[in-house]
Amino acid sequence: MISTTTAGFLISIIVLFWMWCKRTYSYWKRHGIPYVKPLPIIGTLKDVFKMEKNVALHIADMYNYPGMEKEPVVGIYVLHQPALVIREPLLIKSVLIKEFHNFHDRYCKIDESVDRFGSLNLFFAKYDIWRDMRKKLAPTFTNGKLKLMFPLLTEIANELEAYLLKKGDEYITEVKNICGLFTTDSIASTGYGIQVGSFQNPYSEFAAQNYNNHQSIPAHDHFIMFLLPKISKLVRAQMFRKKYDRFLRDCLKHVMDKRKESGKERNDLIDTLIRLCKEAEGSDEYPDKDLYIDAILAQGAVFIVAGYETSLSAIAFTLYLLAKSPKLQKRLREEIKKILHEGKGEVTYEALKSMEYLDMVMRESLRLYPAVGFLERKHHAMDGEFSLEPYHKFKIPNGMPIFISNYAIHRDPLYWPNPEVFDPERFSPQNKEGISPYAYLPFGLGPRSCMGGRLGLLISKVGVLYFLKNYEVRQCPQTVEKMSFNPNMLTLECKDDIILQFVKDPLWRNA
């Protein structure tokens, strides 16, 4: 039998726990903010804990919680931590742009003692490192530099074209893997200046290492990095596994050494990294030079990872949407046919930029399927508290996590009529002026938006064009009717294979 003392102790623990829960989970009620009803201990994270939804779709569910349709913000609980989901576009503007100085850091975190490349890259880096790296890397992604990269992309695109033609006049195939070969080679060429040859050898070390690291990150690491960053060091959450970290370091060192030996410049990311490393080695400005050099190299590392995943998804989802919309695909292929005819079979950078309908298609595809489905920030007041007025009197305290669901706002009927319909006309010259710039966030917005977004969009456009150059893509019995997403991944990655039928219909020969 339990003694009176033990029973009294247990009752005290239960009472204290009840009082703690009542106090902790009444935070939003006390402050008059509409909120999602939490569960003890796990807060509003039930679906994430059960691995039923990835983080992006979970945040979207919080945005779309019943009864919140007209609310500017929604209160949630990340375990016991109160957090806000921002719904109002003008508040999104404040967080990402106007009040950037108060929200300049992401909430997510990777500890540098566990994963230096992960913690120091532009996505995860804290403000001081981010500001320095962004300023020095920005010239690498200007329009002029993208134009210089374009011939490299068309070389890879020609390999994609040859690879598809070898498969025959009519066939059914899974497209994500093919998109991955194209984006791997494109990123390696434009960023590293190396020819991987994935279409000749799909199992090359570069492609294999990239794919294996992408697949090997445990789901709980994603969850912890973005929702429980305070314990990321404790559980050793990593973006770059140790094997992949060593591979990228060796690869970067080899490419940089070869470039220095040759004395040639390609005006690419490698040239920028070499210059920054030389500047750091000859300066007393950086007390921890090893850390600073790693911060420089981390940008080269994340360029591969981020570019591979986002461009792959953009191309694959676009082909899927076009296969389900044959009339829209026909219009796009007519535009491609015109460009090929005018260029005598070649596509120039200027010609690609002039392709109005291709741009409309890609932007609509990114509306429905942004590669990263949510944004997050942490409030860090630099000049006083940030108030939600005129929407609420609540003042956001220091350290509070802020989430923005671009996936949900991209599908909000308040900003997008018939939001589930794939309709590129939304982005026509006459219609796009009516789009709220704060309700369309495929690459984020403001100073911490994706710096490589324009390159990613360029790669995706080239990929889609060359997929459709010789083939019409169609649905087949194996094509998934409704898109579902992998709950174990951070990005919006299709849970199932994207299988489509390719039917040969060369545009240039018929032009």
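- Between Gly191 and Ile270, the shortest heavy-atom distance links the atoms O-CG1, 3.2 Å.
- Using modelled atom types, one side-chain atom of Arg448 and one backbone atom of His104 make a donor-acceptor pair closer than 3.5 Å.
- Within the 4.5 Å cutoff, the side chain of Phe182 has heavy atoms near those of the Ile459 side chain.
- Remark: the Asp412 side chain and the Tyr63 side chain contain an N/O donor-acceptor pair separated by less than 3.5 Å.
- When each of Met355, Lys469, Glu346 is checked for a side-chain contact (heavy atoms from CB on, under 4.5 Å) with Ile339, only Met355 meets the rule.
- The side-chain heavy atoms of Pro82 and Met400, taken from C-beta on, include a pair separated by under 4.5 Å.
- Counting only distance, with no hydrogens or angles, the side chain of Ser325 and the backbone of Leu322 share no donor-acceptor pair below 3.5 Å.
- Under a 3.5 Å cut-off, the side chain of Thr348 and the backbone N or O of Ala351 do form a donor-acceptor pair.
- Side-chain N or O atoms of Thr154 include none that pairs as donor or acceptor with a backbone N or O of Ala157 at under 3.5 Å.
- A salt bridge links Glu342 to Lys338: one of the charged nitrogens lies within less than 4.0 Å of a carboxylate oxygen.
- Two rings, from Phe100 and Trp130, have their centers less than 6.0 Å apart.
- With 3.5 Å as the limit, one finds no donor-acceptor pair spanning the side chains of Ser198 and Thr184.
- In this structure, Glu376 CD and Asp105 CG are separated by 10.0 Å, a value rounded to the nearest 0.5 Å.
- Between Phe117 and Tyr244, the ring centre distance reaches or exceeds 6.0 Å.
- For the pair Glu71 and Arg87, the salt-bridge criterion is not met [side-chain N within less than 4.0 Å of a carboxylate O].
- To the nearest 0.5 Å, atom CG of residue Leu319 and atom CG of residue Leu500 are 6.5 Å apart.
- Side chains of Phe103 and His380 form no contact here, defined as non-hydrogen atoms less than 4.5 Å apart.
- Using bins of under 30°, 30° to 60° and over 60° for the plane-to-plane angle, the ring pair Phe374/Phe226 lands in the perpendicular bin.
- Contact annotation: the side chain of Phe394 approaches that of Leu84 to within less than 4.5 Å [non-hydrogen atoms, C-beta and beyond].
- Considering all non-hydrogen atoms of both residues, Leu458 and Leu146 come closest at CD2-O, 4.1 Å.
- Listed for the Asp497 side chain is no donor-acceptor partner under 3.5 Å among the backbone atoms of Ile499.
- For the pair Ser436 (side chain) and Tyr438 (backbone), a donor-acceptor distance under 3.5 Å is present.
- A heavy-atom distance below 4.5 Å is not found between the side chains of Thr310 and Phe443.
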Criterion salt bridge (Lys or Arg N to Asp or Glu O under 4.0 Å) on Lys147 and Glu350, from CA distance to verdict
CA-CA 9 Å; Lys147 185 174 181 179; Glu350 289 75 15; 2.6 Å; yes
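- A salt bridge between Lys432 and Glu425 is absent, with no side-chain N of the basic residue lying under 4.0 Å from a carboxylate O of the acidic one.
- Residue pairs satisfying the salt bridge (charged side-chain N to carboxylate O under 4.0 Å, His left out) criterion with at least one member in residues 162-185, sequence neighbours excluded, are listed as follows: Asp169-Lys504.
- The backbone N or O of Pro447 lies less than 3.5 Å from a partner atom in the side chain of Arg134, making a donor-acceptor pair.
- Taking the six-membered ring for Trp and thresholds of 30 and 60 degrees, Phe403 and Tyr107 have ring planes more than 60 degrees apart, a perpendicular arrangement.
- By the 6.0 Å and 45° rule, Arg454 does not stack over the aromatic ring of Phe141.
- Using cut-offs of 30° and 60° for the angle between ring planes, the Phe317 and Phe485 rings count as perpendicular.
- Of the N and O atoms on the side chains of Asn158 and Glu155, not one donor lies less than 3.5 Å from an acceptor on the other residue.
- Note on Glu335 versus Lys330: no salt bridge recorded, every NZ/NE/NH1/NH2 to OD/OE distance being 4.0 Å or above.
- A salt bridge links Arg474 to Glu472: one of the charged nitrogens lies within less than 4.0 Å of a carboxylate oxygen.
- Side chain of Lys126 to backbone of Leu120: no donor-acceptor contact under 3.5 angstrom is found.
- Tyr440 has its ring centre less than 6.0 Å from the ring centre of Phe427.
- Between Phe502 and Tyr471, the two ring planes are perpendicular [angle over 60°; tilted spans 30° to 60°].
- Looking only at side-chain heavy atoms (C-beta outward), Tyr415 and Pro89 come within less than 4.5 Å of each other.
- Below 30°, between 30° and 60°, or above 60°: for Phe150 and Tyr349 the angle between ring planes is above 60°, a perpendicular geometry.
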Show your working on side-chain contact (heavy atoms from CB on, under 4.5 Å) between Trp416 and Ile409 and close with a plain yes or no.
CA-CA 9 Å; Trp416 308 94; Ile409 202 168; 5.5 Å; no
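- Counting heavy atoms from C-beta outward, Leu45 and Tyr77 have side chains that stay 4.5 Å or more apart.
- Of the possible polar contacts, one joining the Thr183 side chain to the Gly180 backbone as a donor-acceptor pair under 3.5 Å is found.
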For Val73 and Glu88, what are the C-alpha separation, side-chain angles and deciding distance, and is it a side-chain contact (heavy atoms from CB on, under 4.5 Å)?
CA-CA 7 Å; Val73 295; Glu88 166 56 46; over 6 Å; no
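- The backbone N or O of Asn486 lies less than 3.5 Å from no partner atom in the side chain of Lys53, so there is not a single donor-acceptor pair.
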Donor-acceptor pairs under 3.5 angstrom involving side-chain atoms of residues 361-373: please list them, not counting sequence neighbours.
{"unit_1": "Arg363", "atom_1": "NE", "unit_2": "Asp359", "atom_2": "OD1", "d": "3.2"}
{"unit_1": "Arg363", "atom_1": "NE", "unit_2": "Asp359", "atom_2": "OD2", "d": "2.9"}
{"unit_1": "Glu364", "atom_1": "OE1", "unit_2": "Arg367", "atom_2": "NE", "d": "2.8"}
{"unit_1": "Glu364", "atom_1": "OE1", "unit_2": "Arg426", "atom_2": "NE", "d": "3.4"}
{"unit_1": "Glu364", "atom_1": "OE2", "unit_2": "Arg367", "atom_2": "NE", "d": "3.4"}
{"unit_1": "Glu364", "atom_1": "OE2", "unit_2": "Arg367", "atom_2": "NH2", "d": "2.9"}
{"unit_1": "Glu364", "atom_1": "OE2", "unit_2": "Asp423", "atom_2": "N", "d": "2.7"}
{"unit_1": "Glu364", "atom_1": "OE2", "unit_2": "Arg426", "atom_2": "NE", "d": "3.0"}
{"unit_1": "Ser365", "atom_1": "OG", "unit_2": "Thr318", "atom_2": "OG1", "d": "2.8"}
{"unit_1": "Arg367", "atom_1": "NH1", "unit_2": "His410", "atom_2": "O", "d": "2.6"}
{"unit_1": "Arg367", "atom_1": "NH1", "unit_2": "Pro419", "atom_2": "O", "d": "2.9"}
{"unit_1": "Arg367", "atom_1": "NH2", "unit_2": "Pro419", "atom_2": "O", "d": "2.7"}
{"unit_1": "Arg367", "atom_1": "NH2", "unit_2": "Val421", "atom_2": "O", "d": "3.1"}

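- Here the closest non-hydrogen pair linking Ile97 and Gly446 is CG1-CA, 3.8 Å.
- The shortest distance between side-chain heavy atoms of Ser484 and Asp496 falls below 4.5 Å.
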